[in-house]
*Asks:* 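Dropping a structure here in structure tokens format, bear with me for questions.
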Amino acid sequence: MKILIDNKEKKYIVKNEEFHTEKGLITKEDIINAKEGDKLKTHMGKEFTVIKPNINDYIELMKRKCSILLPQDIGLVIGFTGLGHKDKVVEAGTGAGASLLSFANIVGPEGHVTSYEKREEFAQIAKDNVKQYGLENTTIKNKDITEGIEEEDIDMIFLDLPNPWDVIESAYSSLKIGGFLAIYTPYIEQFQTVHKVLKKNGFKNIHVREGNIKEIEVKNKGSRPNSRMAGHTGYITISRKL
């Protein structure tokens, strides 16, 4: 798998097959033989640069039938839990697999990420996306995590669910001492309920953060915040079993 980028910085995932766009055709042979950094031209003379996709490139372009967590939200989880090499992770609400792929990329081949997704269609999409990217340190379960977490001695649990409070007691049991529980919620009322249930179940170091970033446009006439940026994504509640 490779990524082609055109002169307007639009990206395309390509496999070992002919590449067709409105800018022309690149042959299968050229795609197969291309190396990172090569410049490929279509039969119309339009140029594309070949790069190896990193995890963010791939997530941006992968198949999906639902909204996905944005990098700033996933970054908050990774940054404030200290997720690292060899860690064991459980998550729920797989969707297309954006957080699953990000966590698996961080923990590496000696770590593992188990993801619960009760919707069969989404679970299959996530499996296809993980397979195409080539990560082998994941397990996707077509199960409802509110029925219980089967894994034990977990370093971090992440929940992206409409009713995460139904999983908090089970999460506490599955985490190792010092492990983290991170929860994404789009609404204030949700994290207020989450906060109460976390305290009731013995979690400590509870913090709620908002995953907003401000992108700056730099133009000849002046620089200013991008007027099309997302005003709000969601709230990340992070707590710890101590």
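Quick note: residue numbers are just sequence positions, from 1.
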*Asks:* So do Lys176 and Asp155 actually touch side chain to side chain, heavy atoms under 4.5 Å?
*Replies:*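 A side-chain contact under 4.5 Å exists here.
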*Asks:* Identify the heavy atoms of Leu242 and Gly178 that sit nearest to each other, and give their distance.
*Replies:*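 Of all heavy-atom pairs spanning Leu242 and Gly178, the closest is CD2-CA, 4.2 Å.
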*Asks:* I'd like to check Gln132 versus Ile13 (side-chain heavy atoms, cut-off strictly below 4.5 Å). Are they in contact?
*Replies:*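 Yes - at least one pair of side-chain heavy atoms lies under 4.5 Å apart.
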*Asks:* Which heavy atom in Ile68 sits nearest to a heavy atom in Ala98, and how many Å separate them?
*Replies:*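 That would be CB-CB, 3.9 Å.
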*Asks:* Name all residues meeting the side chain to side chain donor-acceptor pair (under 3.5 Å) criterion together with Asp73; count only those two or more places apart in sequence or in a different chain, and write none if there are none.
*Replies:*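 Result, side chain to side chain donor-acceptor pair (under 3.5 Å) vs Asp73: Thr233.
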*Asks:* Using 4.0 Å as the upper bound for N to carboxylate O, is an ion pair formed by Lys88 and Glu151?
*Replies:*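 Judged by the 4.0 Å cut-off on N to carboxylate O distance, Glu151 and Lys88 do not form a salt bridge.
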*Asks:* Indicate, with yes or no, if Val89 and Ile78 share a hydrophobic cluster defined by side-chain heavy-atom contacts under 4.5 Å among Ile, Leu, Val, Met, Phe, Trp and Tyr.
*Replies:*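 Yes; tracing contacts between hydrophobic side chains, which count when under 4.5 Å, links both residues.
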*Asks:* Verify the cluster assignment for Ile157 and Ile236: are they in a single hydrophobic cluster under the rule of side-chain heavy atoms below 4.5 Å apart?
*Replies:*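 No; tracing contacts between hydrophobic side chains, which count when under 4.5 Å, never links both residues.
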*Asks:* Any chance NZ of Lys141 has more than 12 other-residue heavy atoms, nucleotides or ligands included, within less than 6.0 Å?
*Replies:*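 Yes, the 6.0 Å shell around NZ holds more than 12 heavy atoms from other groups.
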*Asks:* Check for a donor-acceptor pair, side chain of Arg119 on one end and backbone N or O of Thr94 on the other, with a separation under 3.5 Å.
*Replies:*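 No, the answer is negative, given that no donor and acceptor are paired below the 3.5 Å cut-off.
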*Asks:* What pairs with Lys63 under side chain to side chain donor-acceptor pair (under 3.5 Å), at least two apart in sequence or on another chain?
*Replies:*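 Counting only residues at least two positions away or on another chain, Lys63 forms no side chain to side chain donor-acceptor pair (under 3.5 Å).
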*Asks:* Closest approach of Pro164 and Val194, non-hydrogen atoms and distance?
*Replies:*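 Closest approach of Pro164 to Val194: CG-CG2, 3.7 Å.
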*Asks:* Would you give the length of the straight line joining atom NZ of Lys23 to atom OG1 of Thr42, rounded to the nearest 0.5 angstrom?
*Replies:*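 Interatomic distance, Lys23 NZ to Thr42 OG1, rounded to 0.5 Å: 9.0 Å.
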*Asks:* Does a side-chain heavy-atom distance below 4.5 Å link Thr114 with Glu150?
*Replies:*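 No. Closest side-chain heavy atoms not under 4.5 Å.
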*Asks:* Taking the side chain as everything from C-beta on, heavy atoms only, tell me whether Asp160 gets closer than 4.5 Å to Ser99.
*Replies:*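 With C-beta onward as the side chain, the pair stays apart.
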*Asks:* Looking at every non-hydrogen atom in both residues, tell me the closest pair between Asn137 and Gly108 and how far apart they are.
*Replies:*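 So the minimum-distance heavy-atom pair works out to ND2-O, 2.7 Å.
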*Asks:* Distance under 6.0 Å and angle within 45° of the ring axis: does Lys143 meet both against Tyr116?
*Replies:*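 Cation-pi check for Lys143 and Tyr116: fails.
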*Asks:* List for me each residue that meets salt bridge (charged side-chain N to carboxylate O under 4.0 Å, His left out) alongside Asp38, sequence neighbours excluded, and say none if there are none.
*Replies:*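 Asp38 satisfies salt bridge (charged side-chain N to carboxylate O under 4.0 Å, His left out) with no residue once adjacent residues are dropped.
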*Asks:* If you round to the nearest 0.5 Å, how far is NZ of Lys35 from NZ of Lys2?
*Replies:*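 Answer for the NZ-NZ pair, Lys2 versus Lys35, is 9.5 Å.
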*Asks:* Within this structure, what is the CG-CG distance for the pair Asn212 and Leu70, rounded to the nearest 0.5 Å?
*Replies:*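 Rounded to the nearest 0.5 Å, the CG-CG separation comes to 10.0 Å.
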*Asks:* Side-chain contact test, heavy atoms from C-beta onward, threshold under 4.5 Å: evaluate it for Lys39 versus Thr49 and give yes or no.
*Replies:*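 In contact.
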*Asks:* Rounded to the nearest 0.5 Å, how far does NZ of Lys15 lie from CE of Met1?
*Replies:*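 Reported to 0.5 Å precision, the distance equals 8.5 Å.
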*Asks:* Using the test salt bridge (charged side-chain N to carboxylate O under 4.0 Å, His left out), find all partners of Glu217 that sit at least two apart in sequence or belong to another chain.
*Replies:*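 For Glu217, the residues satisfying salt bridge (charged side-chain N to carboxylate O under 4.0 Å, His left out) (neighbours in sequence not counted) are Lys219.
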*Asks:* Going by salt bridge (charged side-chain N to carboxylate O under 4.0 Å, His left out), name the residues that satisfy it together with Glu169, two or more places apart in sequence or in a different chain.
*Replies:*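 Listed in chain order: nothing, the list is empty.
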*Asks:* I'd like to check Asn54 versus Asp57 (side-chain heavy atoms, cut-off strictly below 4.5 Å). Are they in contact?
*Replies:*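 They are in contact (side-chain heavy atoms under 4.5 Å apart), so the answer is yes.
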*Asks:* Dump the intermediate steps for side chain to side chain contact (heavy atoms under 4.5 Å, CB included) on Gln192 and Lys196, then the final yes or no.
*Replies:* CA-CA 7 Å; Gln192 289 174 332; Lys196 292 176 183 177; 5.5 Å; no
*Asks:* Going by salt bridge (charged side-chain N to carboxylate O under 4.0 Å, His left out), name the residues that satisfy it together with Glu121, two or more places apart in sequence or in a different chain.
*Replies:*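 So Glu121 forms a salt bridge (charged side-chain N to carboxylate O under 4.0 Å, His left out) with Lys65.
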*Asks:* Starting from the C-alpha separation in whole Å, work towards a yes-or-no answer on side chain to side chain contact (heavy atoms under 4.5 Å, CB included) for Leu83 and Val77.
*Replies:* CA-CA 8 Å; Leu83 187 68; Val77 175; over 6 Å; no
*Asks:* Is the number of heavy atoms from other residues, nucleotides or ligands under 6.0 Å of Lys46 NZ greater than 12?
*Replies:*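 Check fails, neighbour count at 12 or below.
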*Asks:* Hey, could you give me each pair passing ring pair (Phe, Tyr, Trp, His ring centres under 6.0 Å) that has a residue in residues 130-158? Not counting sequence neighbours.
*Replies:*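 Residue pairs passing ring pair (Phe, Tyr, Trp, His ring centres under 6.0 Å), neighbours aside: Tyr58-Tyr133, Phe103-Phe158.
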*Asks:* If you take all heavy atoms of Leu198 and Ser239, which pair is closest and at what distance?
*Replies:*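 Shortest heavy-atom separation between Leu198 and Ser239 comes out as CD2-OG, 3.4 Å.
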*Asks:* Kindly give the heavy-atom pair with the smallest separation between Ile238 and Ala182, and that separation in Å.
*Replies:*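 Closest pair (atom of Ile238, atom of Ala182, distance): CG1-CB, 4.0 Å.
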*Asks:* Could you walk me through whether Asp6 and Thr21 pass the side chain to side chain contact (heavy atoms under 4.5 Å, CB included) test, one step at a time?
*Replies:* CA-CA 11 Å; Asp6 65 18; Thr21 72; over 6 Å; no
*Asks:* Residues in ring-ring contact (aromatic ring centres under 6.0 Å, His included) with Phe180, at least two apart?
*Replies:*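 By the ring-ring contact (aromatic ring centres under 6.0 Å, His included) rule, Phe180 matches no residue at all.
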*Asks:* Taking Tyr184 as the starting point, is it possible to reach Val167 by hopping between hydrophobic residues whose side chains are less than 4.5 Å apart?
*Replies:*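 Each belongs to a different hydrophobic cluster.
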*Asks:* Return the CD1 to CD1 distance between Ile31 and Ile26, rounded to the nearest 0.5 Å.
*Replies:*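 Separation between the atoms: 5.0 Å.
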*Asks:* Is there a path of hydrophobic side-chain contacts, each under 4.5 Å between heavy atoms of I, L, V, M, F, W or Y residues, that connects Ile106 with Ile55?
*Replies:*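 As far as the 4.5 Å side-chain criterion goes, Ile55 and Ile106 are connected within one cluster.
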*Asks:* Looking at side-chain heavy atoms only, is the closest gap between Glu210 and Phe191 below 4.5 Å?
*Replies:*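 Sidechains of Phe191 and Glu210: no contact.
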*Asks:* List the atom pairs, donor and acceptor, that lie under 3.5 Å between side-chain atoms in residues 200-209 and the rest of the protein, sequence neighbours left out.
*Replies:*
from, atom 1, to, atom 2, distance (Å)
Asn201, ND2, Val197, O, 2.9

*Asks:* Could you pull out all residues at least two apart from Glu136 that satisfy side-chain contact (heavy atoms from CB on, under 4.5 Å)?
*Replies:*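 By the side-chain contact (heavy atoms from CB on, under 4.5 Å) rule, Glu136 matches no residue at all.
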*Asks:* When rounded to the nearest 0.5 angstrom, what distance separates CZ in Arg240 from CE in Met156?
*Replies:*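 Atom-to-atom, Arg240:CZ and Met156:CE are 12.5 Å apart.
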*Asks:* With side chains defined as the heavy atoms from C-beta onward, is the minimum distance between Ser174 and Val90 less than 4.5 Å?
*Replies:*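 SC-SC contact between Ser174 and Val90 ruled out.
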*Asks:* Applying side chain to side chain donor-acceptor pair (under 3.5 Å) to His112 and Thr139, what does each step give before you reach the verdict?
*Replies:* CA-CA 8 Å; His112 195 84; Thr139 301; 2.8 Å; yes
*Asks:* Taking only residues at least two apart or on different chains, which pairs with a member in residues 19-56 satisfy ring pair (Phe, Tyr, Trp, His ring centres under 6.0 Å)?
*Replies:*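 Sorted pair list: Tyr12-Phe19, Tyr12-Phe48, Phe19-Phe48.
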*Asks:* Go through the structure and list residues passing side-chain contact (heavy atoms from CB on, under 4.5 Å) with Asp128, not counting sequence neighbours.
*Replies:*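 Testing Asp128 for side-chain contact (heavy atoms from CB on, under 4.5 Å), a comparison that skips the adjacent residues, returns Gln124.
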*Asks:* Using the rule that Ile, Leu, Val, Met, Phe, Trp and Tyr join whenever any side-chain heavy atoms are under 4.5 Å apart, tell me whether Ile154 and Val113 fall into a single cluster.
*Replies:*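 No; tracing contacts between hydrophobic side chains, which count when under 4.5 Å, never links both residues.
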